[in-house]
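Hydrogens, waters and symmetry mates play no part in the numbers below; they use all other heavy atoms, side chains included.
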Amino acid sequence: MVRFFTVEREYGSEGAEYAAALAEKLGWKLYDKALIDAAAAEAGMDPSQVVAGDEKRDPWYARLGRGFLAGGAELGFPPTGIDGERMLGYLQRAMKRVATEGHCVIVGRGGSSYLCGEPGAFHVFTYASMPHKKRWFEAKYPERADHAEQEIHAADAARAAYIRRHYDRDWADRHLYHLLLNSCMGIDAMVKATIDAAGTIG
């Protein structure tokens with residue numbers, strides 16, 4: 001029985017939107033931004049202390065790796081007195097805890113790699129054509145539209161580097177995932193395909 005999903009995604013493939021729709025359809029908890037709060041709790045920090053890491057290029061951020069934050073603020077912690085590797089440990093403990101509790105969808109943060117052996121896991125990877133991703137980027141960041149393709153490539157490269165560094169895995173390796181979804185099919189179809197594939201009743 002599937003107890004939780006992880007979602008890794010190419011930048012611009014609407015993976016976060018798909019994960020939110022999947023969680024809503026199932027009535028499960030979404031751990032995207034909420035994973036920040038969970039990791040802050042593991043660290044014994046007030047969630048209000050959590051900051052957008054892409055707004056501060058601190059030494060711990062460089063050590064931790066840019067994969068969390070490429071292309072947008074996904075995870076950041078106060079750098080003062082907190083080592084990046086320790087923060088990674090807090091994040092991993094948070095992921096393990098919410099996965100054990102189950103009934104959740106975990107977005108990014110290396111969840112598919114870290115939780116690959118966890119019972120009840122179902123791992124999904126979303127991708128899309130470059131024109132599709134560029135349209136998404138240009139709609140979301142019109143002021144940076146001229147650099148859409150470069151930013152998309154850079155974000156994906158950073159995510160891949162993070163997984164390679166901390167888990168010694170190829171982020172895009174299809175063997176890591178139970179299901180690969182092309183978001184050009186539309187989010188509703190993606191959610192239906194996931195529920196059908198996982199045998200989960202929405």
Side-chain angles (χ1 to χ4, degrees), residues 1-26 28-35 38-39 65-72 74-75 88 91-92 94-130 132-133 136 152-202:
M1 179 182 295
V2 173
R3 296 175 43 251
F4 68 94
F5 293 88
T6 70
V7 178
E8 295 289 351
R9 67 274 188 244
E10 287 185 349
Y11 187 55
S13 69
E14 300 180 273
E17 294 90 337
Y18 149 76
L22 177 63
E24 182 178 4
K25 177 69 174 178
L26 296 173
W28 288 10
K29 177 72 174 179
L30 176 68
Y31 283 99
D32 190 346
K33 298 296 186 289
L35 193 57
R66 297 173 181 269
F68 284 140
L69 301 160
E74 290 188 355
L75 176 68
L88 175 62
L91 178 73
Q92 290 174 335
M95 285 196 292
K96 182 66 178 288
R97 176 171 57 80
V98 301
T100 299
E101 292 170 355
H103 288 183
C104 62
V105 179
I106 300 169
V107 181
R109 284 81 180 189
S112 61
S113 294
Y114 183 64
L115 300 169
C116 62
E118 194 72 14
F122 193 95
H123 305 298
V124 180
F125 186 88
T126 69
Y127 66 100
S129 67
M130 182 55 71
H132 183 94
K133 291 188 288 188
W136 175 90
I152 289 166
H153 282 309
D156 285 345
R159 289 175 176 174
Y162 173 82
I163 299 300
R164 186 167 54 250
R165 175 181 178 184
H166 292 290
Y167 297 105
D168 194 26
R169 294 177 180 272
D170 177 359
W171 172 71
D173 182 359
R174 65 185 183 277
H175 297 102
L176 287 176
Y177 306 99
H178 296 95
L179 185 64
L180 308 178
L181 292 171
N182 186 333
S183 63
C184 297
M185 68 194 292
I187 289 175
D188 288 345
M190 294 167 72
V191 170
K192 183 179 186 305
T194 304
I195 291 173
D196 288 345
T200 305
I201 299 175

Residues 182-193, side-chain donor-acceptor partners within the protein, below 3.5 Å, at least two apart:
{"unit_1": "Asn182", "atom_1": "OD1", "unit_2": "Cys184", "atom_2": "N", "d": "2.9"}
{"unit_1": "Ser183", "atom_1": "OG", "unit_2": "Ser13", "atom_2": "O", "d": "2.8"}
{"unit_1": "Ser183", "atom_1": "OG", "unit_2": "Tyr127", "atom_2": "O", "d": "3.4"}
{"unit_1": "Lys192", "atom_1": "NZ", "unit_2": "Asp196", "atom_2": "OD2", "d": "2.8"}

Practice prompt. With sequence neighbours excluded, tell me which residues meet ring pair (Phe, Tyr, Trp, His ring centres under 6.0 Å) with Phe122.
Written response: Phe5, His178
For the [atom1] atom of [X] and the [atom2] atom of [Y], what is their distance to the nearest 0.5 Å?
| X | Y | atom1 | atom2 | answer |
| --- | --- | --- | --- | --- |
| Tyr177 | Thr126 | OH | OG1 | 9.5 Å |
| Lys96 | Tyr114 | NZ | OH | 5.5 Å |
| Leu176 | Ser112 | CG | OG | 5.5 Å |
| Leu30 | Ile106 | CG | CD1 | 10.0 Å |
| Thr6 | Glu118 | OG1 | CD | 11.5 Å |
| Leu22 | Leu181 | CG | CG | 9.5 Å |

Worksheet entry | Short side-chain to backbone donor-acceptor contact, Arg3 and Thr100, under 3.5 Å | yes
Worksheet item: Okay, side chain of Arg159, backbone of Arg9: is any donor-acceptor separation there less than 3.5 Å?
Response: yes
Discussion item. Can you list everything that forms a side chain to side chain contact (heavy atoms under 4.5 Å, CB included) with Ala121? Sequence neighbours excluded, please.
Written reply: Phe4, His123
Nearest heavy-atom pair of [X] and [Y]: which atoms, and what distance?
| X | Y | value |
| --- | --- | --- |
| Val7 | Gly15 | CG1-O, 4.0 Å |
| Arg169 | Cys116 | NH2-SG, 3.2 Å |
| Asp156 | Tyr11 | OD1-N, 2.7 Å |
| Val2 | Ala198 | CG2-O, 3.6 Å |

Worksheet entry | Results of side-chain hydrogen bond (donor to acceptor under 3.5 Å, both in side chains) for Gln92 - residues two or more places apart only | Tyr167
Item to complete: Return the set of residues passing side-chain hydrogen bond (donor to acceptor under 3.5 Å, both in side chains) with Asp170 (not counting sequence neighbours), or none when no residue passes.
Response: none
Worksheet item: Any salt bridge (Lys or Arg N to Asp or Glu O under 4.0 Å) pairs touching residues 10-21, not counting sequence neighbours?
Response: Glu10-Lys133
Discussion item. Does Glu24, at its CD atom, have more than 12 non-hydrogen atoms belonging to other residues, nucleotides or ligands within less than 6.0 Å?
Written reply: no
